[in-house]
Protein chains: 2
Amino acid sequence: MAMTISDARARDADRTRQAILHAAQQIFAEKGFAEAGIRDITARAGVNQSLVSRYFGGKLKLFEAALEAALDARLMTDLPKQDFGKQIVARFTDETGRTSPLPLMFAAAADSEARAVAERLLRDRVFEPLTQWFDGEAAHVKAARFMMVSIGFFTYRDQLRLAEFAGSVDPALRRWLEAEFQAIVDD
Amino acid sequence: MAMTISDARARDADRTRQAILHAAQQIFAEKGFAEAGIRDITARAGVNQSLVSRYFGGKLKLFEAALEAALDARLMTDLPKQDFGKQIVARFTDETGRTSPLPLMFAAAADSEARAVAERLLRDRVFEPLTQWFDGEAAHVKAARFMMVSIGFFTYRDQLRLAEFAGSVDPALRRWLEAEFQAIVDD
DNA sequence: GACGCAAGTAAACGATCGTTTACATATCAA
DNA sequence: TTGATATGTAAACGATCGTTTACTTGCGTC
């Protein structure tokens, strides 16, 4: 499953770069920025540790590249507004979809430098496009509500383990979430 | 403002313990678990670094003690249900009140050991009492909704800096929050 | 086919951090 | 007053981590 450079001929800088980037997305999401070691990442990618500094300019730059590759506001803004609630929840709970960028966001929480990078990318790549998309005088409030509910949901489901049903989504909770997101675009 | 042992006579173990605990709450909240160093904490408390291991048994035990001292579910469960929304938002936005435990919760996010401690304390000291307090067949869903909205709010306001008004609370956002919390107890 | 450079590796460097150890001193009972 | 003990300090230990350096190897070109 993990993409290592062994999949291609040995000497291919682009392929190596991609292998490191892919491994970084996984390891950062799994262990957080501070606990994710360069040696962990390069080991999963199947390359030497020194290549992170060579190809990305250091751990922080690697994190920025990994997060930037995962953030995509179109995940939200290409949905129809009349059925926004159900579809956004479906996307948030879709197991088959692409890797969620949110674990990467949380990964940056405890490191001041990584958090600065994450906040900047989140603002430029998600919050601003979302505010534009809501497109009214209350657009910034709608964007804030969207961020709050989304952050709360993902944190509760993925970061905390508060109850036995935290891993999946309780049907009653799902209905509430759908109504909540729909109300944001309808208000 | 910071409580150091210089406020009392020099040799007082209890006073020293309290000074370390108080400094730990501040530093952990400011810098996160990983970035908060023993030397930072003991320096603010005005004591030697080795006393953390002596009095608390290590950094992790110190964090647990600091978080436990800050968590108090009565912050929520002693409010009247008929005016829950406005009063809980008032408490959450009260600048004059005690130190919020939530920065300490976030401080643990990126460290696996600290997160395990924080999750256990959050479940036992907040989530379970809250579920008991809601007291119905949908009590666990209500508690989940409460956690999601609270986490989203605090994360957005205190952790992210997404917009110029993120530091304070926009009036429209406040009205939405109040209605949101009130709906949880009314449903 | 030999040369030159890109690509990759191994090993060490330098700094930080939590913890432990050895030592100094203030407090209090006898 | 004196000695035992609690309290506090200074310094070093051991481990980890990000980064850099020196070196090796493979690919393309003339």
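Convention: sequence-line order gives letters A, B, ...; per-chain numbering from 1. If you're wondering where the values come from, they're calculated on a predicted model, not measured in any experiment.
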Quiz item: Does A/Lys81 make a cation-pi contact with A/Trp133, if we ask for NZ or CZ under 6.0 Å from the ring centre and within 45° of the axis?
Solution: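 The answer is yes; both the distance and angle limits are met.
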
Considering only side-chain heavy atoms of [X], which listed nucleotide, [options], is closest?
{"X": "A/Lys59", "options": "D/dG18, C/dA12, D/dA11", "answer": "D/dG18"}
{"X": "A/Asn48", "options": "D/dG8, D/dT20, C/dT9", "answer": "C/dT9"}
{"X": "A/Val47", "options": "C/dT9, C/dC17, C/dA12", "answer": "C/dT9"}
{"X": "A/Leu51", "options": "C/dT19, C/dA12, C/dG8", "answer": "C/dG8"}
{"X": "B/Tyr55", "options": "D/dG18, C/dT19, D/dT7", "answer": "D/dT7"}
{"X": "A/Ser50", "options": "D/dA10, C/dA10, D/dC17", "answer": "C/dA10"}
{"X": "B/Arg39", "options": "C/dA10, D/dG8, C/dT19", "answer": "C/dT19"}
{"X": "A/Arg54", "options": "C/dT20, C/dA7, D/dT9", "answer": "C/dA7"}

Nucleotide [N], atom [atom2] - distance to [atom1] of [X] in whole Å:
{"X": "A/Ile38", "N": "C/dC13", "atom1": "CD1", "atom2": "P", "result": "20 Å"}
{"X": "B/Asp40", "N": "C/dT19", "atom1": "CG", "atom2": "P", "result": "14 Å"}
{"X": "B/Gln49", "N": "D/dA12", "atom1": "CD", "atom2": "P", "result": "12 Å"}
{"X": "B/Asp111", "N": "C/dC17", "atom1": "CG", "atom2": "C1'", "result": "13 Å"}
{"X": "A/Ile27", "N": "D/dC17", "atom1": "CD1", "atom2": "C1'", "result": "15 Å"}
{"X": "A/Ile20", "N": "D/dG18", "atom1": "CD1", "atom2": "P", "result": "14 Å"}
{"X": "A/Glu35", "N": "D/dT16", "atom1": "CD", "atom2": "P", "result": "13 Å"}
{"X": "A/Arg15", "N": "D/dC27", "atom1": "CZ", "atom2": "P", "result": "15 Å"}

Quiz prompt | Expected output: side-chain A/Lys59 to main-chain A/Ser53 donor-acceptor under 3.5 Å | solution =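 Between the backbone of A/Ser53 and the side chain of A/Lys59 there is no qualifying donor-acceptor contact (under 3.5 Å).
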
Quiz item: What class does the angle between the rings of B/Phe92 and B/Phe181 fall in, given that below 30° is parallel, 30 to 60° is tilted and above 60° is perpendicular?
Solution: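 Aromatic pair B/Phe92/B/Phe181 classed perpendicular.
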
Quiz item: Parallel, tilted or perpendicular: which describes the rings of A/Phe134 and A/Phe84, with under 30° parallel and over 60° perpendicular?
Solution: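 Because their plane-to-plane angle is over 60°, the rings of A/Phe134 and A/Phe84 count as perpendicular.
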
Self-check item: Nearest-0.5 Å distance that lies between atom CG in A/Leu177 and atom NZ in A/Lys86
Solution: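 Separation between the atoms: 13.5 Å.
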
